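These figures come from a predicted structure and were not determined experimentally. Here is the naming used below: chain letters follow the sequence lines, and residue numbers restart at 1 for every chain. Every heavy atom of this structure was used, including side-chain atoms; hydrogens, water molecules and symmetry mates were not.
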There are 2 protein chains.
Amino acid sequence: MTQRRTRPTINQVAEAAGVTKSSVSRAFTRPEMLSADTVSKIFAAAEKLGYVPNHTARALSTGRHGNIALIVPDVANPFFPPLIRAAQAEADRSDYCVFLGNSDENPQQEDKLIGRFGGQVEGLVLASSRLGDEQIVAHSTRRPLVLINRDVEGIPRVLIDSATGVAEAVEHLAALGHKRLVYVSGPHGSWSNKQRRNAVRRSARQLGMEVSVISNEYAAFESGRRITANVLATGATAAIAFDDLTAQGMLAELLDRGISVPEQFSVVGCDDVLGAATYPALTTVSNRSVEAGKTALTLLIDILENNAIRDVRYVLNTSLVVRGTTGPAAG
Amino acid sequence: MTQRRTRPTINQVAEAAGVTKSSVSRAFTRPEMLSADTVSKIFAAAEKLGYVPNHTARALSTGRHGNIALIVPDVANPFFPPLIRAAQAEADRSDYCVFLGNSDENPQQEDKLIGRFGGQVEGLVLASSRLGDEQIVAHSTRRPLVLINRDVEGIPRVLIDSATGVAEAVEHLAALGHKRLVYVSGPHGSWSNKQRRNAVRRSARQLGMEVSVISNEYAAFESGRRITANVLATGATAAIAFDDLTAQGMLAELLDRGISVPEQFSVVGCDDVLGAATYPALTTVSNRSVEAGKTALTLLIDILENNAIRDVRYVLNTSLVVRGTTGPAAG
DNA sequence: GCTTGACGTGCAACCGGTTGCATAACATAA
DNA sequence: TTATGTTATGCAACCGGTTGCACGTCAAGC
């Protein structure tokens, strides 16, 4: 393997160009301060030596490193990758680099990551944070913070309002003649979960439907399978699940138990992460995660560059996407 | 919004503790050099002021920032999130922070990202890189590099050998009586694609089967749907797709065309990213992406910490996972 | 021809740590 | 008691840039 040469420094360029390092520095940051001659002389020397300004040194003296951190509970949850991708693209447009953190749905891990990233980022985006409000507020005093799917007063936040879509789902089921309904919960600390649960309850009450709530800490395919027995035990004819993964697990389990969907039981998911890829294709609540990721980054960058300190609460509405897992109530 | 206080520096801690900054520095890096008394005095002062060493400054003088970069072609492709997650977890265990880059399957973008990250990472992992060999070699002279699913001589690499699994798939189809086979290609620059295509051809030749290759630049659900007509036009009775997403798109399209799977047509995917979530459940080639991510990071960290410069070529074998989309040849 | 101002460049301090070397304090051995 | 070694701490240079200020030069204005 070839030897890794140490990179040339500003001083070497200065010497090669016959100027001081101040001028080299200015040539790269504020060339309009220098004569055109000097600038081109410096660029020529830099080019020849293969000089690239040292990011770390620059960050130390300016206090700006152009990094931001994005922390999510679970990269592998299909809700996040499109969000991550959108955020990353938006960061890139403004020449920011993004640190990605995976908290494993664990507040302690999330806290630890924030600490570790803390020193080298200018701002953070926390998606579906599992931290307590006080911790979030505490972190926000240290550096700019934008939240996704978490509603904390005074902190800029982007919220995907699944309540609108969930309400539509309940109405849809009511219209199909369903009377008894189950809501299958998601992670405990999840703001979206609370929001969805409340929306189901509220709409159901208005429509005179009965609702049971079944808890299910870790939202995923397998746990969806597992809680299906409990769901059926309630005697309900339809279920709304915290997310598509849970719904998909339920679908598989119902199929295995010989319960046909939607003839004998209706299932609604949330987040539309699977497209039409389940069988039957899943009726679900639309997802705005790409917009959420992009918006959060736009917001954060705006705060960083314009020192725009404001209390933004950006809400993205959702709606019901009717596919094949909902039908008239059995019996 | 509350005022963001500037963080205390090493000097303030030194003053508060009645020592010089050298001692404070040592208290945090090599406490065994100091008397227990001094250390606890310093820690007490640091604690009281809320001091945290400045990562940037430390990086500048030591040349080590404890960051690594991971670049993937598409975060939203379900092959990568588990890999990313595993890599991130492994990095975390050794206190490294990870930058995530999304190249959008674009070599230029990939190159740009490497450049942007370059100055602030100690090493890079390129997953399924779309760069040319020379570019990869060039980058590797600058700083440690580990490749995933890319086989470049002299550069540490972790390869998921889908050839073994793909060969099994071809044998499986032959055993079911299929004579004509299609391989649906993936991205042009993809090493995995080349490997899979060759494996299909080789095994088919040995088993006396006929193979057509259909190209399909962007591997995804929609493009899988789109190329299905071409696949059927070949007269084949079975297809092996570059990845599960493509296979899933084909499944949907076949269903829409009233062609039943596996009775009339057999489909095999690759990477096992969908689990049993398709309908029928997809027969596919197993995926070792979690191990790949973890191994790549272990390798990189080993290189960084032990200066272990070696030409590693780590191969992870795969095998066929038979589910419900393959059956006896029609007619 | 002298003042004034604009412009281009250099000087030196600073960002916040780390580290090789010198030295003081103290313990041990002769 | 003095020489010798060990240990804990301080001094100051260094990492590689940025930036406020001072200074010298040259052209325009009177």
Side-chain angles (χ1 to χ4, degrees), chain A residues 4-46 49-67 116 118-122 142-143, chain B residues 4-46 49-67 95 118-122 142-143:
Chain A
R4 266 179 260 284
R5 302 165 307 192
T6 78
R7 290 164 28 159
T9 74
I10 200 173
N11 281 305
Q12 302 176 32
V13 176
E15 189 170 4
V19 295
T20 60
K21 60 179 186 164
S22 319
S23 294
V24 178
S25 172
R26 291 187 180 112
F28 281 89
T29 53
R30 290 146 69 183
E32 72 282 359
M33 286 184 68
L34 269 42
S35 74
D37 255 26
T38 312
V39 171
S40 59
K41 203 167 55 183
I42 291 173
F43 279 169
L49 276 74
Y51 170 75
V52 178
N54 180 314
H55 192 97
T56 308
R58 182 176 276 181
L60 181 59
S61 60
T62 61
R64 321 205 54 214
H65 18 39
N67 298 329
R116 209 201 278 327
Q120 31 185 354
V121 301
E122 291 175 35
R142 265 182 275 288
R143 73 193 74 252
Chain B
R4 263 178 264 284
R5 303 165 306 192
T6 77
R7 289 165 27 160
T9 73
I10 201 173
N11 280 305
Q12 300 175 33
V13 176
E15 190 170 3
V19 295
T20 60
K21 58 180 188 165
S22 321
S23 296
V24 178
S25 172
R26 290 186 182 113
F28 281 88
T29 54
R30 291 148 65 184
E32 72 282 0
M33 285 185 68
L34 269 42
S35 75
D37 254 25
T38 312
V39 170
S40 60
K41 203 166 55 183
I42 291 173
F43 279 169
L49 278 77
Y51 170 75
V52 179
N54 181 314
H55 192 95
T56 309
R58 179 175 280 180
L60 179 59
S61 61
T62 61
R64 320 204 55 212
H65 18 38
N67 297 330
D95 285 348
Q120 33 185 351
V121 300
E122 289 174 37
R142 262 183 276 289
R143 74 193 73 255

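Between the NE2 atom of A:His55 and the C1' atom of D:dT18 there is a distance of 14 Å, given to the nearest Å. Straight-line distance from the CG atom of A:Asn54 to the P atom of D:dC14: 17 Å, rounded to whole Å. Here C:dA6 presents its P atom at 15 Å from CE of A:Met33, a figure rounded to the nearest Å. Atom pair A:Arg58:CZ and C:dG16:P shows a separation of 18 Å (rounding to whole Å applied). Between B:Asp37 atom CG and C:dA25 atom C1' the separation is 15 Å, expressed in whole Å. Counting to the nearest Å, the C1' atom of D:dC15 and the CG atom of B:Leu60 are 4 Å from each other. If you measure from atom CG of A:Asn11 to atom P of D:dC15, you get 9 Å, rounded to the nearest angstrom. Rounded to whole Å, atom P of C:dG17 lies 19 Å from atom CZ of B:Arg64.
Salt-bridge formation is not detected for the pair A:Glu122/A:Arg143: no Lys NZ or Arg NE/NH1/NH2 atom is positioned less than 4.0 Å from an Asp or Glu carboxylate oxygen.
Contact check for B:Tyr51 versus B:Phe28: side-chain heavy atoms found under the 4.5 Å cut-off. A heavy-atom distance below 4.5 Å is found between the side chains of A:Arg58 and A:Thr29.
Looking only at distances, no side-chain donor or acceptor of A:His65 sits under 3.5 Å from a matching main-chain atom of A:Thr56.
For the pair A:Ser35 and C:dT9, the criterion of a side-chain N or O lying under 4.0 Å from OP1 or OP2 is met.
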Applying side-chain hydrogen bond (donor to acceptor under 3.5 Å, both in side chains), run through B:Ser22 and B:Ser25 and close with a yes or a no.
CA-CA 5 Å; B:Ser22 321; B:Ser25 172; over 6 Å; no
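Pairing each heavy atom of B:Lys21 with each of B:Asn11, the nearest pair is CD-OD1, 3.4 Å.
Using a 4.0 Å heavy-atom cutoff across all strands shown, A:Thr38 reaches sugar-phosphate atoms only and no base atom.
The environment of CD in A:Gln12 is crowded: more than 12 heavy-atom neighbours from other residues, nucleotides or ligands sit within 6.0 Å.
Taking every heavy atom of residues 20-32 of chain A and every atom of DNA chain C, pairs under 4.0 Å involve A:Thr20, A:Ser22, A:Ser23, A:Arg26, by number.
For A:Leu34, counting side-chain heavy atoms from C-beta on, the closest listed nucleotide (C:dC15, C:dT18, C:dT9) is C:dT9.
Projected onto DNA chain D by closest heavy-atom contact, B:Val19 and B:Ala57 fall at different nucleotides, the more 5' of which corresponds to B:Val19.
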